[in-house]
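Note sheet for the following structure.
All residue numbers in this chain count up from 1 along the given sequence. As the structure is a prediction and not an experimental result, all values here were calculated from the model.
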Amino acid sequence: MSKQATEMLKGTLEGIVLAILADRPAYGYEITAWLREQGFSDIAEGTIYALLVRIEQRGLVDVEKVPSEKGPPRKVYALNPQGRTYLEEFWRTWSFLSERLEQLRRGGN
């Protein structure tokens, strides 16, 4: 992934992760694996875990510790009502920006 793509992804990764959690609860490794399957191969697990800590601290997700067969319990993240509201705002902002960027790309002001 190019440096430009990496920088753009940093600005949207939070929204992407919240969108994933809008479908179903997941733990960090699941989210990372799904992103890699979708072509985001350069995303480090540590990046996702740090992001999950931030969105947990901001109250956008609920966390449940689930026993794991391989070591300590896993933290499973689920989008809560505050997170859904935040995600809706993310999509509104995304739509606004993408429409304006498309106008610019087509040469319109």
Side-chain angles (χ1 to χ4, degrees):
M1 191 179 301
S2 72
K3 181 163 177 55
Q4 184 179 40
T6 300
E7 291 301 314
M8 291 176 117
L9 180 60
K10 283 181 186 177
T12 58
L13 191 57
E14 182 175 87
I16 293 168
V17 169
L18 292 174
I20 292 168
L21 295 175
D23 286 338
R24 66 179 178 85
Y27 57 96
Y29 181 78
E30 278 181 300
I31 295 168
T32 304
W34 186 88
L35 288 167
R36 288 179 179 162
E37 288 171 13
Q38 300 306 308
F40 298 104
S41 56
D42 293 346
I43 292 179
E45 255 182 270
T47 300
I48 298 302
Y49 286 110
L51 187 147
L52 289 169
V53 167
R54 285 194 306 274
I55 63 175
E56 178 183 1
Q57 289 173 342
R58 291 176 41 214
L60 303 176
V61 292
D62 294 329
V63 179
E64 179 183 355
K65 288 191 177 186
V66 176
S68 171
E69 296 174 7
K70 301 176 185 177
R74 290 180 175 157
K75 290 175 89 173
V76 176
Y77 298 84
L79 200 61
N80 63 25
Q82 185 176 339
R84 288 193 186 282
T85 300
Y86 186 89
L87 180 58
E88 289 169 7
E89 178 62 27
F90 170 83
W91 286 127
R92 279 192 296 276
T93 303
W94 178 262
S95 292
F96 173 82
L97 290 172
S98 63
E99 289 167 6
R100 295 320 170 278
L101 287 170
E102 186 60 25
Q103 281 178 338
L104 284 171
R105 190 173 74 85
R106 290 184 181 165
N109 293 328

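- Taking 4.5 Å as the limit, every side-chain heavy atom of Leu18 sits out of range of all side-chain heavy atoms of Phe90.
- Here Arg106 pairs with Glu102 in a salt bridge; the nearest charged N to carboxylate O distance falls below 4.0 Å.
- One hydrophobic cluster holds both Leu79 and Trp94 under the rule that ILVMFWY side chains link at heavy-atom gaps under 4.5 Å.
- For the salt bridge (charged side-chain N to carboxylate O under 4.0 Å, His left out) condition, the pairs that include at least one residue of residues 6-18, sequence neighbours left out, are Lys3-Glu7, Glu7-Lys10, Glu14-Arg58.
- Checked against side chain to side chain donor-acceptor pair (under 3.5 Å), Thr93 has the following partners two or more places apart in sequence or in another chain: Glu89.
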Between side-chain atoms of residues 68-75 and protein atoms elsewhere (two or more places apart, or another chain), which donor-acceptor pairs fall under 3.5 Å?
from: Ser68; atom 1: OG; to: Lys70; atom 2: N; distance (Å): 3.1
from: Arg74; atom 1: NH1; to: Tyr27; atom 2: OH; distance (Å): 3.1
from: Lys75; atom 1: NZ; to: Glu56; atom 2: OE1; distance (Å): 3.1

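- Taking 4.5 Å as the limit, every side-chain heavy atom of Asp42 sits out of range of all side-chain heavy atoms of Leu9.
- Heavy atoms only, all atoms of each residue included: Ile43 and Leu13 are closest at CD1-CD1, 4.0 Å.
- Cluster note: Met8 groups with no other residue, as no ILVMFWY side-chain heavy atom lies under 4.5 Å from it.
- Annotation: side chain to side chain contact (heavy atoms under 4.5 Å, CB included) contacts of Ala78 (sequence neighbours excluded): Pro25.
- How far CH2 of Trp34 is from CD1 of Ile16: 8.0 Å, rounded to the nearest 0.5 Å.
- Checked against side chain to side chain contact (heavy atoms under 4.5 Å, CB included), Arg36 has the following partners two or more places apart in sequence or in another chain: Thr32.
- Annotation: the span from Leu21 atom CG to Ile55 atom CD1 amounts to 5.5 Å, rounded to 0.5 Å.
- For Leu87 against Ala22, the heavy-atom pair with the smallest separation is CD2-CB, 3.7 Å.
- Transitive grouping of hydrophobic side chains (ILVMFWY, heavy atoms separated by less than 4.5 Å) keeps Val53 and Val61 in distinct clusters.
- A 4.5 Å side-chain heavy-atom check between Leu52 and Val63 finds every atom pair outside the cut-off.
- Under the rule for a side chain to side chain contact (heavy atoms under 4.5 Å, CB included), the partners of Asn80 that lie at least two apart in sequence or sit in another chain are Asp62, Gln82.
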Quiz: residues 44-51 side-chain donor-acceptor pairs under 3.5 angstrom, not counting sequence neighbours:
from: Tyr49; atom 1: OH; to: Tyr29; atom 2: N; distance (Å): 3.1

